[in-house]
Participant: 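First the structure, which I've put down as structure tokens, then a few questions once you've had a look.
Bear in mind the structure is a predicted one, so any value in this text is a computation, not a measurement.
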Amino acid sequence: MTALDVSVEQVWEWLGEVADPEIPVISVVDLGIVRAVRLEGEACVVTITPTYSGCPAMQVIADSVSAALNAHGIEDVRIESRLSPAWTTDWMSAAGKAALKGYGIAPPVQQAIDISGLHAGIRRRAAPDVACPHCSSPHTQLTSEFGSTPCKALYKCLDCREPFDYFKCH
Ligand SMILES: [Zn+2]
């Protein structure tokens, strides 16, 4: 089968089944990193914007997308990465944000993006106020800039004492 035999809608549906490698409960579509799908002759071209430009998971994501479409019979898959405009949490679906919270990861806070965006050259910046994904308490503390993966920071809730990952955005 080639891309000639499928519709763009069908490809989006298949991509909705591709999990983010770092957060298995959320798909790359719900995360908002798949920006466009187009069919060019027999090829399927998928445009991806990483959550931040140095995201080490991007190659894994590109491979997962290719593998998923290959599995559905599309042989010619091209991945294009687009760095501008930069990914924002606005691109995450409501279902994606809810899944993230259910998984015990605090969703990205808009404030964090604004700060890093405005002061891109300044490495030190205020840690964002992140609500605890377990008890929703706003009393949390950054314990490490790096959580289980480079895309996450480790926080601790001062009320329920639970540690949690915060999905940060650069
Ligand atoms: Zn808590």
Side-chain angles (χ1 to χ4, degrees), residues 1-121 125 128 130 133 145-153 165-170:
M1 186 166 73
T2 68
L4 291 172
D5 302 318
V6 299
S7 63
V8 168
E9 290 74 26
Q10 179 66 69
V11 174
W12 275 104
E13 212 176 297
W14 287 334
L15 293 177
E17 293 161 6
V18 178
D20 177 75
E22 302 211 9
I23 314 159
V25 292
I26 188 169
S27 80
V28 291
V29 172
D30 280 331
L31 190 56
I33 57 178
V34 175
R35 300 314 304 157
V37 172
R38 67 177 195 275
L39 304 174
E40 281 187 6
E42 300 194 348
C44 179
V45 185
V46 180
T47 305
I48 286 174
T49 295
T51 50
Y52 69 97
S53 59
C55 184
M58 277 321 285
Q59 190 53 50
V60 180
I61 291 168
D63 291 346
S64 305
V65 165
S66 296
L69 297 184
N70 289 159
H72 282 290
I74 302 180
E75 284 159 23
D76 194 354
V77 179
R78 287 214 310 273
I79 309 292
E80 288 179 351
S81 63
R82 186 195 293 159
L83 298 181
S84 174
W87 179 85
T88 94
T89 49
D90 292 345
W91 295 355
M92 280 180 79
S93 69
K97 286 177 185 170
L100 208 58
K101 196 173 176 195
Y103 194 56
I105 301 174
V109 177
Q110 195 63 45
Q111 174 196 353
I113 301 167
D114 293 344
I115 290 171
S116 61
L118 286 171
H119 307 286
R125 59 187 161 85
V130 179
E145 275 287 348
F146 295 98
S148 54
T149 77
C151 295
K152 296 175 200 148
D165 276 328
Y166 167 62
F167 190 81
K168 60 185 176 178
C169 333
H170 288 236

Participant: Taking all non-hydrogen atoms of both residues, which atom of Val11 and which atom of Cys44 are closest, and how far apart?
Facilitator: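 Shortest heavy-atom separation between Val11 and Cys44 comes out as CG1-SG, 3.9 Å.
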
Participant: Roughly how far, to the nearest 0.5 Å, is OG1 of Thr47 from CD1 of Ile33?
Facilitator: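 Ile33 CD1 to Thr47 OG1: 12.0 Å, rounded to 0.5 Å.
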
Participant: What's the separation between atom CD1 in Ile48 and atom CG in Leu31, rounded to the nearest 0.5 Å?
Facilitator: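 Answer for the CD1-CG pair, Ile48 versus Leu31, is 10.5 Å.
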
Participant: Under the rule for salt bridge (Lys or Arg N to Asp or Glu O under 4.0 Å), what residues qualify as partners of Glu17, not counting sequence neighbours?
Facilitator: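 Glu17 satisfies salt bridge (Lys or Arg N to Asp or Glu O under 4.0 Å) with no other residue.
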
Participant: Output all residues satisfying side-chain hydrogen bond (donor to acceptor under 3.5 Å, both in side chains) with Ser93, sequence neighbours left out; order by chain, then residue number.
Facilitator: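 By the side-chain hydrogen bond (donor to acceptor under 3.5 Å, both in side chains) rule, Ser93 matches Asp30.
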
Participant: Measure the acute angle between the ring planes of Trp14 and His72, then classify it against the limits of 30° and 60° as parallel, tilted or perpendicular.
Facilitator: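 Parallel.
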
Participant: Got more than 12 heavy atoms from elsewhere within 6.0 Å of NZ, Lys101?
Facilitator: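 Check fails, neighbour count at 12 or below.
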
Participant: Please tell me if the side chains of Thr49 and Trp91 come closer than 4.5 Å, counting only heavy atoms from C-beta onward.
Facilitator: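 Yes; the side chains approach each other to less than 4.5 Å.
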
Participant: Salt bridge check: are Arg35 and Glu80 linked by an N-O gap of less than 4.0 Å?
Facilitator: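 So Arg35 does not pair with Glu80 through a salt bridge.
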
Participant: Would you check if Val18 and Ser27 make a side-chain contact, meaning some heavy-atom pair closer than 4.5 Å?
Facilitator: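 The answer is no; the side chains never approach within 4.5 Å.
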
Participant: State, yes or no, whether a side-chain contact exists between Asp165 and Tyr103 at a heavy-atom distance under 4.5 Å.
Facilitator: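 Of all side-chain heavy-atom pairs linking Tyr103 with Asp165, none is under 4.5 Å.
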
Participant: Are the side chains of Ile61 and Asp20 in touch, meaning some heavy atoms are under 4.5 Å apart?
Facilitator: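 Side chain of Ile61 against side chain of Asp20, heavy atoms only: contact under 4.5 Å found.
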
Participant: Taking all non-hydrogen atoms of both residues into account, name the closest pair between Gly16 and Val29 and its distance.
Facilitator: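 The pair with the smallest heavy-atom distance is N-CG2, 3.7 Å.
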
Participant: Restricting to non-hydrogen atoms, name the atom on Pro50 and the atom on Leu83 that form the minimum distance, rounded to 0.1 Å.
Facilitator: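 Shortest heavy-atom contact: CG-CD2, 3.6 Å.
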
Participant: Counting C-beta onward and ignoring hydrogens, is there a side-chain heavy-atom pair between Lys97 and Phe167 closer than 4.5 Å?
Facilitator: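 They are not in contact (no side-chain heavy atoms under 4.5 Å apart), so the answer is no.
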
Participant: Would you check if Ile105 and Pro133 make a side-chain contact, meaning some heavy-atom pair closer than 4.5 Å?
Facilitator: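 No, every pair of side-chain atoms sits at 4.5 Å or beyond.
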
Participant: State the CG-CG distance between Leu69 and Leu15, to the nearest 0.5 angstrom.
Facilitator: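 If I round to the nearest 0.5 Å, the distance is 5.0 Å.
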
Participant: About how many Å separate CD of Glu145 and OH of Tyr166, when rounded to the nearest 0.5 Å?
Facilitator: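 One gets 10.5 Å once the value is rounded to the nearest 0.5 Å.
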
Participant: Going by salt bridge (Lys or Arg N to Asp or Glu O under 4.0 Å), name the residues that satisfy it together with Arg78, two or more places apart in sequence or in a different chain.
Facilitator: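 Testing Arg78 for salt bridge (Lys or Arg N to Asp or Glu O under 4.0 Å), a comparison that skips the adjacent residues, returns Glu40.
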
Participant: For the atom pair NZ (Lys152) and CD1 (Ile23), what is the distance rounded to the nearest 0.5 Å?
Facilitator: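 If we round to the nearest 0.5 Å, Lys152:NZ and Ile23:CD1 are 5.5 Å apart.
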
Participant: Looking at CD1 of Ile74 and CG of Asp5, how far apart are the two atoms once the value is rounded to the nearest 0.5 Å?
Facilitator: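 Taking CD1 in Ile74 and CG in Asp5, the distance rounds to 9.0 Å.
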
Participant: So which atom in Pro24 and which in Ala19 form the shortest heavy-atom distance, rounded to 0.1 Å?
Facilitator: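 That would be O-CB, 3.5 Å.
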
